[in-house]
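Remember, it's 1-based here, ligands and their atoms both numbered in the order they're listed.
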Amino acid sequence: MNRYDQGLMWFRRDLRADDNAALHHALKQCRQLWCVFVFDTDILDTLPRADRRVEFIHASVIELDVRLRELGRVAEHEGTGLIVRHARAQDDLPALAQQLRVQAVFANHDDEPAAHARDAHVRGQLAHAGIVFHGHKDHLIFERREVLTQAGHPYGVFTPYKNAWLKQVDSFYLKAYPVERYAASLAPLPQALDAPIPRLSDIDFEPTNLAQLPMPTGASGAQQLLDDFVERIDRYEATRNFPAVKGPSYLSVHLRFGTVSIRQLASIAYQMHLQGMQGASTWLSELIWRDFYHQILANFPHVVEKAFKPEYDHIKFEHGKHAHELFAAWCEGRTGYPLVDAAMAQINQTGYMHNRLRMVAASFLVKDLGIHWQWGERYFAEKLIDFDLAANNGGWQWASSSGCDAQPWFRIFNPVTQSEKFDPQGKFIRRYLPQLAQLPDAAIHAPWTARELELVGAGVELGKTYPHPIVDHALARERTLLRYAVVKKPGSTPT
Ligand SMILES: Cc1cc2nc3c(=O)[nH]c(=O)nc-3n(C[C@H](O)[C@H](O)[C@H](O)COP(=O)(O)OP(=O)(O)OC[C@H]3O[C@@H](n4cnc5c(N)ncnc54)[C@H](O)[C@@H]3O)c2cc1C
């Protein structure tokens, strides 16, 4: 193990102190360690001035600073904490490392292409100054090429990947990285760098409605959600597909920004899975999907620009003015299909969308409206508080059938039957589309089929208070089957 006199821990998508792999190694290897978070202008400059993610990160960074100060005090070191910067990370980080005269910088891996490019630049700058850059796995249980087929290739199909994952996992991969016992290495911040954390307005952002949403921030927020979820994890299998029900964990934003440790979540789920709890087994599978899509992104980076399966790049999607009008109607929840519109209202109002609805809304855009999946992928990337390139790309390529282990191309969700099945009393629709709230259960999934009397009684005027459907699903389905025929292979015809 290398030993350094001084080191710097760089927090990125791992905004917690406890059970943090890079922080653990940094504390063990350095006599004195400083910690930094950079609000990276390369990322922030591309965002709207009110963005829930920036607010979430900001609140979580404040909590991380408090925890680092607490850890310092445990070791009787006053004045520890987080150095918080607002700058171009790829230039600022090497400059700060030199200013502090550290010999090593520690960070956790981030395998998104833009992060790779940034880290390569930082690594080069640091090397130039004689400073070592250490990267650690923290965000996933297995990353990159850790789970391979017997022939030594990355998996492209989920079930064999999951089986191999389950075979390979053991307590070594699930155990926490302790930090408290090494906290004596946390060094007091040098006076010149001991500035207050910038306010949201100091980094040119405005508050959003985050504080009004049930999305508690920081490591404490994650633990609150986890405690609540563990109480109902045995019902996960039965409830997870019903958007009106509190079924899933709502931890995705915390996994995204690392305010919770994946090892903590996976070890809870794995222990319960071993005890035969079905809900926990299903939830563990979801966590494995997360690892799966991350290894897809790391090993097949072409998915960022193109279909995983190249033949799907030949599909001709709609384009021109009409396509843009259809897309705008989808984004704004004006398709006339209540479940799709309620789903889009959820993402627009809260930054979260239930998993079942992500599948329904994505399928509708691609297979009912004939719009390229990348348009939808971009919209979700702008709006989702839990936006994660690997999972979002995986989800969109699944829905458009172009991905690894995707929905077969000829399987097309019917937005009305999905609604009847997963929101039978229209509770979710009523919550997000109050203009339809008075419709009877039977009419709420497809208001255009309601009798005139029902519409009048519910105060619904189609075309005025709520749109007519923008496409006929049955016709759209036929068009999609034709559109997708270019990928037809012998034996892959509709059943
Ligand atoms: C079109 C589309 C886009 C998506 N975009 C994202 C995204 O940007 N970020 C994101 O985290 N998830 C994405 N997902 C996956 C999934 O919808 C969300 O992870 C889930 O809804 C988050 O809610 P939860 O934390 O309550 O999930 P839970 O049901 O409690 O699941 C626990 C965790 O498992 C992981 N997970 C669950 N399902 C998946 C999945 N299908 N793929 C990968 N990981 C999964 C997530 O980290 C999630 O937090 C997308 C799915 C689709 C179909």
Sequence neighbours excluded, the answer for side-chain contact (heavy atoms from CB on, under 4.5 Å) partners of Lys383 is Ile347, Asn348, Tyr379

When you measure from the centre of the six-membered ring of Trp10, is the NZ or CZ of Arg12 closer than 6.0 Å and no more than 45° off the axis?
yes

Could you verify whether a donor N or O on one side chain and an acceptor N or O on the other, from His354 and Gln346, lie under 3.5 Å apart?
no

Aromatic contact between Phe387 and Phe380, with the criterion being ring centroids under 6.0 Å apart: yes or no?
no

Flag the pair His139 / His294 as yes when their ring centroid distance falls below 6.0 Å, and as no otherwise.
yes

Neighbour list for ligand 1 [protein residues, heavy atom under 4.0 Å]:
Tyr236, Pro248, Ser249, Tyr250, Leu251, Ser252, Leu255, Trp283, Glu286, Leu287, Trp289, Arg290, Tyr293, Tyr352, Met353, Asn355, Arg358, Met359, Ala362, Phe380, Leu384, Asp386, Phe387, Asp388, Ala391, Asn392, Gly395, Trp396

Any side-chain heavy atom of Leu339 within less than 4.5 Å of one from Phe422?
no

